[in-house]
Amino acid sequence: MKKYLLFRIVRSIVSIFLVTTLTFIMIYSLVPRRDVFKSDSMISKLNSQPDKLIDYKDNAYNKMNYIEYLDTKSLLKKVSNSGKEVTTAHTQSNATAIKAWAKKNGFTVHRYPQNKNYYVTRELSLVERLGKFYGNLIHIDNPWAIHDAKNPNLPRYLKITKDKVVGWALVGSGTKYKYQIYFNKAFPYIHQNIFHIDLGTSYPGYSGVAVMDVIGNHQGETKSSEYVFPNGNKMNSSDNVYTRQYQTSAKQDSMAKERYGGHYTGTEQEYQDPSMIGTSFRAGFIALIISYVISIPMAILMARFKGKWFDKVGTGIVTVLIAVPSLAFIYVFRYIGSAGFGFPDSFPTKGAEVFGSWVLPSVILGLLSVSGLVIWFRRYMIDQQSSDYVKFAKAKGLDDGEIYRKHIFKNASIPIVQGLPGSIIGLISGATMTETIFAMPGMGKMLPDAILTHNNPIVIALVFIFTTIAVFSILLGDILMTIVDPRIKLSTSGDD
């Protein structure tokens with residue numbers, strides 16, 4: 001079992017790597033880089049300022065790992081650090097020093113059209129881009145993560161203490177985040193800031209925001225909570241105090257410094273609505289329950305009364321559901337739910353805080369998968385009816401209800417359990433139309449939006465996340481299958 005799990009985990013990681021790498025190569029090789037600016041309104045605003053336009057574009061290409069870009073200030077600093085003092089003056093000696101440094105380091109020298117200052121760019125190969133992507137993928141916080149020249153005596157430690165703001169926590173100094181491990185009432189109750197995944201920076205949508213923040217951070221309006229701060233003040237604040245990060249003196253906000261003291265004053269904000277991934281998962285999980293609660297009993301009854309009126313009616317309903325296009329299905333049930341039952345036909349109408357906002361998207365998403373599940377499970381139940389163990393049970397005198405309940409359903413539950421994790425990822429990633437029609441801020445809607453706006457980092461990140469969930473859900477399905485039926489072994493031994 002352990003050997004099998006190790007092998008599957010390694011194979012899963014390799015699969016994630018291959019799918020993500022292939023997507024990365026296709027996007028950076030086949031999609032023209034100029035297309036990333038098609039949906040960017042800033043381009044038209046900067047057309048009259050060519051210097052700023054060049055800086056804006058090259059900064060975007062730099063963040064997306066197309067090129068390495070140094071503006072005038074950064075370039076002069078690099079050249080000066082190499083031992084040759086240069087200034088912004090347009091002299092021959094400055095030009096010679098800059099060109100010599102650029103040639104040595106593989107950069108191409110350019111000049112801004114208006115102020116004539118120098119800047120440099122260097123094309124990154126696909127290998128370099130992939131190297132940067134995977135090299136920055138995982139960040140591990142530690143007491144030596146912060147290097148602040150103006151704070152040379154910064155203490156460096158990790159210790160468990162009862163903090164004045166958050167209570168018991170593993171607190172760090174010299175780390176990027178103050179609270180490395182902490183506890184609160186939010187699921188899963190134990191949280192950490194030690195390991196962070198970096199999937200790049202979003203552009204052009206959510207420009208300049210880390211991709212993981214776009215996908216994983218809460219949304220909507222800010223939410224305030226009451227805290228007692230280190231300075232003794234008790235007040236309501238929308239600061240997410242668990243995300244306190246180190247800031248240099250130059251970047252510190254005076255109010256935050258007074259509130260927290262020291263250098264750990266940077267915080268993210270608290271928002272009341274779930275994140276994109278949380279929105280998709282919540283709707284998908286409710287839809288999964290709905291689809292299985294309807295599909296399994298219906299399929300069992302159809303199989304048990306095969307050829308009779310219930311089976312014929314059920315088959316007709318399933319056939320109609322399959323024949324109706326998904327788009328029409330969503331709009332019809334959306335109208336019925338809104339006009340007949342008063343549920344909001346758009347998610348933002350009442351927002352994520354109101355249960356009614358989740359009803360129609362989740363129910364419709366669940367109903368969309370009912371037909372496929374019924375057909376698959378009915379066929380499986382019918383196949384089981386002709387099995388030897390069923391014939392033996394009938395020979396023993398057991399009635400049909402007992403045979404179905406104690407024997408057929410028990411064996412049929414194995415593929416159900418195995419398919420549950422896969423169904424979850426299918427509902428989360430396949431909710432594109434539902435989330436779009438109901439204007440739900442989830443991952444299903446985010447993927448086509450990112451493709452249309454050429455937000456390459458978001459596309460790659462979502463492919464990475466969907467692939468990771470899908471691959472490990474298959475592994476989880478196998479493990480759950482062995483729990484339901486201990487006779488199933490995931491590994492063989494001896495001569496088996």
Side-chain angles (χ1 to χ4, degrees), residues 24 27-78 88 90 98 102 107-124 129 132-133 136 198-222 238 250-251 253 266 268-269 271 273 275-276 348 435-436 439 441-443 445-462:
F24 192 99
I27 287 176
Y28 278 93
S29 298
L30 303 179
V31 179
R33 70 173 66 177
R34 63 179 180 274
D35 287 352
V36 302
F37 298 112
K38 281 186 175 180
S39 304
D40 192 347
S41 59
M42 282 297 294
I43 298 301
S44 58
K45 294 178 182 178
L46 294 174
N47 274 333
S48 60
Q49 305 175 68
D51 289 2
K52 289 185 178 181
L53 180 62
I54 289 173
D55 182 67
Y56 182 80
K57 284 186 173 182
D58 283 348
N59 263 315
Y61 287 142
N62 184 73
K63 289 176 182 177
M64 298 173 75
N65 287 330
Y66 280 107
I67 64 172
E68 189 174 349
Y69 164 64
L70 297 176
D71 60 13
T72 303
K73 184 178 179 180
S74 302
L75 173 61
L76 296 181
K77 184 177 179 180
K78 288 278 188 182
T88 55
H90 301 158
I98 289 171
F107 283 85
T108 302
V109 179
H110 309 274
R111 299 186 78 171
Y112 294 107
Q114 284 184 312
N115 63 26
K116 302 301 180 183
N117 287 338
Y118 291 98
Y119 70 96
V120 293
T121 60
R122 183 175 71 86
E123 289 290 323
L124 297 180
R129 295 174 198 172
K132 284 194 170 189
F133 177 79
N136 295 323
D198 182 2
L199 292 173
T201 304
S202 176
Y203 182 85
Y206 303 93
S207 182
V209 180
V211 169
M212 285 305 297
D213 289 342
V214 174
I215 298 171
N217 281 359
H218 282 212
Q219 310 171 86
E221 296 181 0
T222 56
S238 61
K251 293 183 178 180
D253 177 80
E268 298 172 4
Q269 296 294 293
Y271 296 94
D273 295 345
S275 62
M276 288 185 183
E435 289 187 2
T436 301
M443 289 199 302
K445 179 178 180 293
M446 188 64 182
L447 183 57
D449 287 350
I451 293 172
L452 291 173
T453 59
H454 302 282
N455 195 331
N456 297 342
I458 291 286
V459 175
I460 294 168
L462 290 177

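Please read all numbers here as calculations on a predicted model, not as lab measurements.
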Engineer: Using 0.5 Å steps for rounding, measure from the CD1 atom of Ile460 to the CG atom of Leu199.
Structural biologist: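 Here the interatomic distance stands at 9.5 Å.
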Engineer: Got a sec, which residues hit ring-ring contact (aromatic ring centres under 6.0 Å, His included) with Tyr118, two or more places apart in sequence or on another chain?
Structural biologist: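 So Tyr118 forms no ring-ring contact (aromatic ring centres under 6.0 Å, His included) with any residue.
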Engineer: Check the pair Leu53 / Ile43 against side chain to side chain contact (heavy atoms under 4.5 Å, CB included), numbers first and verdict last.
Structural biologist: CA-CA 7 Å; Leu53 180 62; Ile43 298 301; 3.9 Å; yes
Engineer: Could you tell me if the side chain of Lys78 sits less than 4.5 Å from the side chain of Leu70, heavy atoms only?
Structural biologist: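 Sidechains of Lys78 and Leu70: in contact.
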Engineer: Determine, step by step, whether Tyr271 and Glu221 satisfy the side chain to side chain contact (heavy atoms under 4.5 Å, CB included) criterion, reporting the C-alpha distance in whole Å, the side-chain angles of both residues, the deciding distance to 0.1 Å, and the verdict.
Structural biologist: CA-CA 5 Å; Tyr271 296 94; Glu221 296 181 0; 6.0 Å; no
Engineer: Run the side-chain contact (heavy atoms from CB on, under 4.5 Å) test against Ala210 and tell me which residues pass, sequence neighbours left out.
Structural biologist: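 Ala210 satisfies side-chain contact (heavy atoms from CB on, under 4.5 Å) with Asp213 once adjacent residues are dropped.
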Engineer: Measure the spacing between CG of Leu462 and CE of Met443 and express it to the nearest 0.5 Å.
Structural biologist: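 Between atom CG of Leu462 and atom CE of Met443 there are 6.5 Å.
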Engineer: Applying salt bridge (charged side-chain N to carboxylate O under 4.0 Å, His left out), name anything that partners Asp35, two or more places apart in sequence or on another chain.
Structural biologist: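 Residues passing salt bridge (charged side-chain N to carboxylate O under 4.0 Å, His left out) with Asp35: Lys38.
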Engineer: Who pairs with Asp58 by side-chain contact (heavy atoms from CB on, under 4.5 Å), at least two apart in sequence or on another chain?
Structural biologist: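 Result, side-chain contact (heavy atoms from CB on, under 4.5 Å) vs Asp58: Ile54, Tyr61, Ile67, Tyr69, Tyr119, Thr121.
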Engineer: Among residues two or more places apart or on two chains, list those pairs meeting salt bridge (Lys or Arg N to Asp or Glu O under 4.0 Å) that have a residue in residues 60-72.
Structural biologist: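 Output for this query lists Glu68-Arg122.
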Engineer: Among all residues two or more places apart in sequence or in another chain, which pass the side chain to side chain donor-acceptor pair (under 3.5 Å) test with Asn59?
Structural biologist: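 Side chain to side chain donor-acceptor pair (under 3.5 Å) check on Asn59 returns Asp55.
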Engineer: Quick one: pull up CG in Asn117 and OG1 in Thr72 and give me the separation to the nearest 0.5 Å.
Structural biologist: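 Atom-to-atom, Asn117:CG and Thr72:OG1 are 4.5 Å apart.
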Engineer: What pairs of residues pass the side chain to side chain donor-acceptor pair (under 3.5 Å) test when at least one of them lies in residues 41-50, not counting sequence neighbours?
Structural biologist: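 Residue pairs passing side chain to side chain donor-acceptor pair (under 3.5 Å), neighbours aside: Gln49-Lys52.
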Engineer: Working to the nearest 0.5 angstrom, can you tell me the gap between Met276 CE and Glu435 CD?
Structural biologist: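 So the CE of Met276 and the CD of Glu435 are separated by 9.5 Å.
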Engineer: Using a 3.5 Å distance criterion without hydrogens, assess whether the side chain of Asp51 forms a donor-acceptor pair with backbone atoms of Asn115.
Structural biologist: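 Yes, because the side chain of Asp51 sits within donor-acceptor range (under 3.5 Å) of the backbone of Asn115.
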Engineer: Which residues pass the side-chain contact (heavy atoms from CB on, under 4.5 Å) test with Lys116, sequence neighbours left out?
Structural biologist: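 Lys116 satisfies side-chain contact (heavy atoms from CB on, under 4.5 Å) with His90, Arg111 only.
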Engineer: On a heavy-atom basis, which atom in Ile215 and which in Ser275 lie closest, and how many Å separate them?
Structural biologist: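 For Ile215 versus Ser275, the nearest heavy atoms are O-CB, 3.5 Å.
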Engineer: Applying salt bridge (charged side-chain N to carboxylate O under 4.0 Å, His left out), can you list everything that pairs with Glu123, at least two apart in sequence or on another chain?
Structural biologist: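 Glu123 satisfies salt bridge (charged side-chain N to carboxylate O under 4.0 Å, His left out) with Arg33 only.
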Engineer: Asp198: which residues meet the side chain to side chain donor-acceptor pair (under 3.5 Å) condition with it, sequence neighbours left out?
Structural biologist: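 Here the qualifying residues are His139.
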Engineer: Say whether Gln269 and Thr222, considering side chains only, have a donor N or O and an acceptor N or O under 3.5 Å apart.
Structural biologist: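 Checked: Gln269/Thr222 side chains show no N/O donor-acceptor pair below 3.5 Å.
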Engineer: Can you tell me how far apart CD1 (Ile27) and CZ (Arg129) are? Round to the nearest 0.5 Å.
Structural biologist: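 If we round to the nearest 0.5 Å, Ile27:CD1 and Arg129:CZ are 12.0 Å apart.
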Engineer: Taking the side chain as every heavy atom from C-beta outward, state whether Ile98 and Leu76 have any pair of such atoms under 4.5 Å apart.
Structural biologist: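 Heavy-atom side-chain distance check passes, below 4.5 Å.
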Engineer: Test Phe37 against His454 for side chain to side chain contact (heavy atoms under 4.5 Å, CB included), laying out the working first.
Structural biologist: CA-CA 8 Å; Phe37 298 112; His454 302 282; over 6 Å; no
Engineer: Please identify each residue that fulfils side-chain contact (heavy atoms from CB on, under 4.5 Å) with Pro50, with sequence neighbours left out.
Structural biologist: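 Residues passing side-chain contact (heavy atoms from CB on, under 4.5 Å) with Pro50: Pro113, Gln114.
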Engineer: Could you state the interatomic distance from CG (Asp273) to CG (Asn217), rounded to the nearest 0.5 Å?
Structural biologist: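 Output value for this atom pair is 13.0 Å.
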Engineer: Check residues 201-209 and write down every donor-acceptor pair under 3.5 Å in which the side-chain atom is one partner and the other belongs to a residue at least two apart or another chain.
Structural biologist:
{"residue": "Ser202", "atom": "OG", "partner": "Gly205", "partner atom": "O", "Å": "2.3"}
{"residue": "Ser202", "atom": "OG", "partner": "Asn455", "partner atom": "ND2", "Å": "3.0"}
{"residue": "Tyr203", "atom": "OH", "partner": "Asp40", "partner atom": "OD2", "Å": "2.2"}

